[in-house]
There are 2 protein chains.
Amino acid sequence: MAHGYEMLESPAVPSAGRTEHREPAITRQNVTPRAMDADEPWMRGLHADTGYLLYRLGLRSGQLFNTFLQESGLRLRHYAVLRFLATSEGALQRELSARLGYDPSAIVGLVDDLEKQGFAERRPAPDDRRSRIVVLTESGRAFLRDTDEAGQRVTGELVGPLDAAERESLHALLLKIAADGLN
Amino acid sequence: MAHGYEMLESPAVPSAGRTEHREPAITRQNVTPRAMDADEPWMRGLHADTGYLLYRLGLRSGQLFNTFLQESGLRLRHYAVLRFLATSEGALQRELSARLGYDPSAIVGLVDDLEKQGFAERRPAPDDRRSRIVVLTESGRAFLRDTDEAGQRVTGELVGPLDAAERESLHALLLKIAADGLN
DNA sequence: CAACAACTATTGACGTCAACAATTATTGCT
DNA sequence: AGCAATAATTGTTGACGTCAATAGTTGTTG
C-alpha cells in the first residue's frame, strides 16, 4: 500500500455557490451525508485497484491504437491479425480464432476486410478442404513495415511518463501475468 | 495441436539502431510462403507491444470484474460509480462523467440502475436546478463493505503470478501512466 | 462401406456498450 | 430582455461478444 493515488481523484465539488439557497428539499433519512469514519478499507479510491487500473488503461490503449489505425481503414483487431500472420507464415482461421481470442464468426469479417484491402489472402488448405489458410500478401508486409514506426510511437505515447527502465519493467510484469491465462 | 508460442521471446525490444532492411524484390504474384528473413523489427510478436498487452489484459480484467459483479446485477461501470461516490460524499453527474471518463449520457443509465437497486440517490443541487447530486445510500455503503473482500480477490486472481513486491511495482507503474491522461 | 459424429468456415439473430448529435430546462452574461 | 453556455437526458448509430444454425468436409465405427 502507501501509494500516492489520491492525486487522481479530486475532492468533490468546491461548490462556491454564493447565492443563499432555498429549501433543503429531500429529507429522507436513508441517506447519510455525514462524513463517516473515513479510511475504511472499502472506501479507498478506485485507483487503488490494480485490476481497475488495468481495465482503464486497456481502454485507453485500445482507443489510441484505433485512432492511429483509423486512417488506414483498419481497426485494432485487423492489426492483431496482421501481426499474428507476420510471425506465423500463414494460419488457419481456426488458429487465429484460438490464439487471438476472437470468435470464429468474427474472424470471417476480419479476413474479409483484410482481403479487400489486399493485405491478406485466403488459400485452400492442401490437406483439409474445410480449412482455409490465411497468409500475408506482399502489400500486407509493406503495410506492417510502413506503420511499424508509428505504431511504436503510439505505445510510446501511452507509456509516456516512464523512462526506459520502467517501460521494460512494466512490459516484463505484464508479460508475466499474460502468460498464465493463454490469452 | 499446440503451436510453438512465440510470445516468450526476450521482453521489450531494446529497439536498437534501426537496421535498414532489404527488399526481397518479389514482384511476382505476391506472398512468399517461405520463411523470409526473419527478425525484422516489424514482424515481432504481438506481445512485444506494451500497448497491446495493456489492451489485452484490460479486457481480461474487465471480464473478471464483471463476472464477479454479475450476481449483484451490477457491472463494472456501476461499481466504478459507487466507489467514486464512496470517496467523494456526493457528486454531480457531470463530475462523474468527467472523473470516470464516461459519456454524460452513460451516467444517466448507470445512476438509474443504482437508484433502482437502492444504492444511490439523486438529489437536487441547492444552487443549480439543472444539476443533480448523486449520493450513496446506506445500503450502497453496505454493499461496498460486503463486496470489498471479494473484489480484492478478483484483482488478486488477475495478478496471480506476481509476488507482493512485483504487484506493488506494477501498481506504481500503472498509476504513473494513468496520472498524465486525466482519466 | 455406409451411417454417424465431429469439425471448419460461414451466416444470422440478439443484446450490450460506447461515442455522437439533438433536446429540454436552466443559468450567466451583457 | 436576449443569447450563449451548461446539466441532464433522449435517441441513434456502429462496433462487438455470444449463441444458434447451416453447408461442406473429414474421421470413425459398426
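For clarity, every value in this text was computed on a predicted model and none was experimentally measured. Worth knowing before you read on, the calculation uses all heavy atoms, side chains too, and leaves out hydrogens, waters and symmetry mates.
- Distance OH (B/Tyr102) to P (C/dC17): 11 Å, rounded to an integer number of Å.
- In this structure, B/Arg99 fails the cation-pi test against B/Phe84, since its NZ or CZ atom is not both closer than 6.0 Å to the six-membered ring centre and inside 45 degrees of the ring normal.
- The interatomic distance linking A/Asn66 (CG) with D/dA15 (P) rounds to 11 Å, in whole Å.
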Scan nucleotides 1-10 of chain D nucleotide by nucleotide, 5' to 3', and note B when protein non-hydrogen atoms come under 4.0 Å of the base, S if they reach only the sugar-phosphate, - if neither. ----BBSSBB
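- As rounded to whole Å, 15 Å separates atom P of D/dC16 from atom CD of B/Gln63.
- Here C/dA19 presents its P atom at 13 Å from CD of A/Gln70, a figure rounded to the nearest Å.
- A/Leu114 places none of its side-chain heavy atoms less than 4.5 Å from the side chain of A/Leu136.
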Show your reasoning for whether salt bridge (Lys or Arg N to Asp or Glu O under 4.0 Å) applies to B/Arg44 and A/Asp148. CA-CA 10 Å; B/Arg44 70 201 121 80; A/Asp148 183 64; 2.3 Å; yes
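- Rounded to an integer number of Å, the gap from A/Leu76 CG to D/dC16 P is 9 Å.
- Here C/dT27 presents its P atom at 9 Å from CG of B/Asp127, a figure rounded to the nearest Å.
- Under 4.0 angstrom from either OP1 or OP2 of C/dC17 there lies no side-chain N or O belonging to B/Arg77.
- Contact annotation: the side chain of B/Leu170 approaches that of A/Leu174 to within less than 4.5 Å [non-hydrogen atoms, C-beta and beyond].
- Listed by chain and residue number, A/Asp112, A/Glu115 satisfy the salt bridge (charged side-chain N to carboxylate O under 4.0 Å, His left out) test with A/Arg122 (two or more places apart in sequence, or in another chain).
- Put simply, the side chain of A/Phe65 does not reach to within 4.5 Å of the side chain of B/Tyr55, judged on heavy atoms.
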